[in-house]
Amino acid sequence: MPATTPLAPGELFRHGLRLLLDKKIDDWVALWAEDGVMEFPFAPDGWPRRLEGREAVAAYMRDYPDHIDLHDFPELRVHETTEPGTIVVEMRGVGRLVRTGAPFDMTYIAVVEVRDGRITAYRDYWNPLALQDPAADFPGSTR
């Protein structure tokens, strides 16, 4: 049986977004390298800034669909870089907050590194000011 070629970083990222929309969190986590690192440079106090390893990412994302019902990523731009395996992504995620039914609309910039078809690093630059909304019910807070 021939070996399969790993997806290019941009294709892997897009596939991951489809998995998130389908609420297939375990499948999304399976895209990660065992030692993958997820970072949130703009995380406010009480929120994780760094998750080390696939299991930590899985624990963080496990309940995501219980908080945010993603419907679409209507604005998605994937930028290839001169660094092999590294992409920069601009995107907007829309949906609703499960607990309140309030709209969810968040813009992100992410720097994603892929090696051997697995995500090894993901720096998520999301807007922490969205947490000021009293209806916000985002996963990950220890507040």
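Everything numeric in this text was worked out from a predicted model, so none of it was measured.
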Please give me the minimum heavy-atom distance between [X] and [Y], naming the atom from each residue.
| X | Y | answer |
| --- | --- | --- |
| Val89 | Leu76 | CG1-CD1, 3.6 Å |
| Ala33 | Thr120 | CB-CG2, 3.9 Å |
| Pro48 | Ala43 | O-CB, 3.4 Å |
| Val98 | Pro65 | CG2-O, 3.5 Å |
| Ala110 | Tyr122 | CB-CE2, 3.8 Å |
| Arg115 | Asp35 | NH2-OD1, 3.8 Å |

To the nearest 0.5 Å, what is the distance between [atom1] ([X]) and [atom2] ([Y])?
| X | Y | atom1 | atom2 | result |
| --- | --- | --- | --- | --- |
| Phe104 | Met106 | CZ | CE | 4.5 Å |
| His67 | Leu97 | NE2 | CG | 10.5 Å |
| Leu7 | Arg118 | CG | CZ | 9.5 Å |

May I ask you to test the [X]-[Y] pair for a side-chain heavy-atom distance under 4.5 Å?
| X | Y | value |
| --- | --- | --- |
| His79 | Glu90 | yes |
| Phe40 | Trp126 | yes |
| Leu70 | Tyr64 | yes |
| Val94 | Pro103 | no |
| Val29 | Arg54 | yes |

Inspect the contact between Arg50 and Glu52 and indicate whether a charged nitrogen and a carboxylate oxygen are less than 4.0 angstrom apart.
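Salt bridge between Glu52 and Arg50, a charged N being under 4.0 Å from a carboxylate O: yes.
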
Ion pair check, Glu113 and Arg123, cut-off under 4.0 Å:
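A salt bridge links Glu113 with Arg123.
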
Any chain of hydrophobic side-chain contacts (each under 4.5 Å) joining Val57 to Leu31?
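Yes, same cluster.
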
Hydrophobic clusters here meaning ILVMFWY residues chained together by side-chain heavy-atom distances under 4.5 Å, can you tell me if Val114 and Ile87 are in one?
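They do share one cluster, since a chain of ILVMFWY contacts under 4.5 Å joins Val114 to Ile87.
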
Can you tell me which residue pairs pass the ring-ring contact (aromatic ring centres under 6.0 Å, His included) test with a partner in residues 18-39, sequence neighbours excluded?
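Qualifying pairs: Trp28-Trp32.
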
ILVMFWY cluster membership beyond Tyr125 - transitive side-chain contacts under 4.5 angstrom:
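Members besides Tyr125, by chain and number: Phe42, Val88, Ile109, Val111.
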
Identify all side-chain donor-acceptor contacts of residues 11-24 below 3.5 Å with residues at least two apart in sequence or on another chain.
unit_1 : atom_1 : unit_2 : atom_2 : d
Lys23  : NZ     : Asp69  : OD1    : 2.7

Which of these, Thr107, Asp105, Asp72, sits in a side chain to side chain donor-acceptor pair (under 3.5 Å) with Arg92?
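With Arg92 as partner, side chain to side chain donor-acceptor pair (under 3.5 Å) holds for just one option, Asp105.
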
side-chain contact (heavy atoms from CB on, under 4.5 Å) evaluation trace for Arg96 with His71:
CA-CA 8 Å; Arg96 70 178 181 84; His71 297 165; 4.2 Å; yes

